[in-house]
*Asks:* 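Below you'll find the structure I mean.
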Amino acid sequence: MNGTVELIFDGKPLVLPTVVGTEGEVGIDIATLRAKTGCITLDPGYGNTGACESAITFIDGEKGILQYRGYDIAELAQKSTFVETAYLLIYGELPTSAQLAEFSGLLTDNEMLHEGMRHHFEGFPPTAHPMAILSSMINAASSYHPGLINAREERFPYHAARLISQVRTIAAFSYRKAHGLPSIYPKTTLKYTANFLHMMFSYPGEDCELKPEIVRALDLIFLLHADHEQNCSTSTVRMVASSRANLFASASAGVCALWGPLHGGANQAVLEMLEEIHKEGDDGTKFLTAVKDKTGNRRLMGFGHRVYKNFDPRAVIIKEQCDKVLAQLHVSDPLLDIAKKLEEIALHDEYFVSRKLYPNVDFYSGIIMRAIGIPMDMFTVLFAIGRMPGWIANFKEVMDDPDSRISRPRQIYTGATLRNYKPLAERA
Ligand code: ACO
């Protein structure tokens, strides 16, 4: 139940309303703080700041709980698919079979890129990172849909489906471009994840083999990444959406935020770290000593999380899947042995234990993607494909909220105070 809290400010009582979520977490509503006190709050990194109320995803970081629209991630991972979960996140309920068929139909209808977009791919140098291509191309795609104003319009379901479907086509095309390979068009007969693998690995006149265990593993990776409440990229999407920028522009900004190694780029950074440890003939012990000594500012990539202070439930599912996929494909990967050793040491080491640092979703996902044949610089792109439904759901929530205001934080200014302009000749 919502209530109030009484704080003491400057020796006097200050009463502020509280907002209580459906899972019991309490937020102090400070909307009137500045008017009442002349002060603002300061929370660099937003560790104590709730930016919105949201009904999409719930996380209890202390208990290691993650739920999409009230459904536990482990149950969805076991019983659902990425496409069904995407519908759940965006529209709030699991689809009926008619709704699912309509949604899947929309994804298929929108899987082709406008032919004009192929020219944009030609402009990128072969060295371009696929995340740069992805964010540019998503934004470029908005220019092919001039009716794309905001989610309130009735065409929102088409735009949402177009974005989920085309992000996968753009991703595959950018991989083919970077490797000098001909683009492979999507096939209407294939489902979402199988179609992505087809566009990645087939050749004109020679379709790749789509092993069901690989399709399922990748579908699961997409599903596990589909949303994660107010992380850096989702907050970015919401912030851009708050200015009423269109869906594609907001998602393109999300891709940029995801790219960094402290966020989605961690899956690539984990593999680079494991390769380096392997190259040096270390079993992980030397590396961990350097991390703990903070020499060279190194971190154990794929470990730690702002919210999880217990196991990331996605990491548990992915680790299990990793063992399964490698066994099914008869792959033995020395990097997996190093990863397991690092995890084993870290989970018992005082440095990591006292800071509550556990493996996150990125620690094992890269090893599965590598086993499937996905190149390392595409790892974060796959994360972006998976996260798209979550970004769209959050965009929709912003647009549907009649009380939504443009996001505009304040600051504490620490620069020079007022001074007079000095003519050039008088400056030292
Ligand atoms: N390796 C070693 N030390 C770490 C790590 C790590 N991976 N993560 C945090 N620490 C240490 C910090 O050095 C700091 O130590 P100190 O108290 O001695 O100064 C302490 O733990 C707290 O760290 P912060 O950086 O304040 O934690 P924050 O919540 O800001 O950062 C983050 C969270 C960015 C995820 C961090 O744990 C990290 O850099 N992890 C590695 C990168 C990574 O895997 N990112 C993916 C996150 S999941 C995702 O985005 C999908």
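Both counts, for ligands and for their atoms, begin at 1 and track the order of listing.
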*Asks:* Are Arg155 and Tyr158 in a cation-pi setup, meaning NZ or CZ lies under 6.0 angstrom from the ring centre and within 45 degrees of the ring axis?
*Replies:* yes

*Asks:* Number the atoms of ligand 1 from 1 as they appear, then name those within less than 4.0 Å of a heavy atom of Lys294, with their elements.
*Replies:* 12 (C), 13 (O), 15 (O), 16 (P), 18 (O), 19 (O)

*Asks:* Answer yes or no for Phe363: is there a heavy-atom contact with ligand 1 below 4.0 Å?
*Replies:* no

*Asks:* Taking everything shown except Glu23 itself, do over 12 heavy atoms lie less than 6.0 Å from its CD?
*Replies:* yes

*Asks:* Quick one: is the NZ or CZ of Arg387 closer than 6.0 Å to the six-membered ring centre of Phe383, and within 45° of its axis?
*Replies:* no

*Asks:* Decide whether the shortest distance between a heavy atom of Gly45 and an atom of ligand 1 is less than 4.0 Å.
*Replies:* no

*Asks:* Strictly less than 4.0 Å: does any protein heavy-atom distance to atom 30 (O) of ligand 1 fall in that range?
*Replies:* yes

*Asks:* Nearest to atom 39 (O) of ligand 1, what protein heavy atom do you find, and at what distance?
*Replies:* Arg299 NH1, 2.7 Å

*Asks:* Among Asp312, Leu262, Thr380, Asp362, which one puts a heavy atom closest to atom 51 (C) of ligand 1?
*Replies:* Asp362

*Asks:* Measure from atom 17 (O) of ligand 1 to every heavy atom in Arg355, Met301, Arg387 and give the option owning the shortest one.
*Replies:* Arg355

*Asks:* State whether any protein heavy atom lies less than 4.0 Å from atom 35 (C) of ligand 1.
*Replies:* yes

*Asks:* Would you mind checking which non-hydrogen protein atom is closest to atom 9 (C) of ligand 1, with the distance to 0.1 Å?
*Replies:* Leu357 CD2, 3.5 Å

*Asks:* Can you figure out which of Tyr351, Tyr308, Tyr358 has its heavy atom closest to atom 3 (N) of ligand 1?
*Replies:* Tyr351

*Asks:* Can you tell me the protein heavy atom closest to atom 41 (C) of ligand 1 and the distance?
*Replies:* Phe303 O, 3.3 Å

*Asks:* Within the protein, is there a heavy atom lying under 4.0 Å from atom 26 (O) of ligand 1?
*Replies:* no

*Asks:* Under 3.5 Å, is there a donor-acceptor pair linking the side chains of Thr18 and Asp29?
*Replies:* no

*Asks:* Examine Arg168 relative to Tyr192 and say whether NZ or CZ is less than 6.0 Å from the centre of the six-membered ring and inside a 45° cone about the ring axis.
*Replies:* yes

*Asks:* Which part of His305 is near ligand 1, with near meaning a heavy atom under 4.0 Å away: side chain, backbone, both or neither?
*Replies:* both

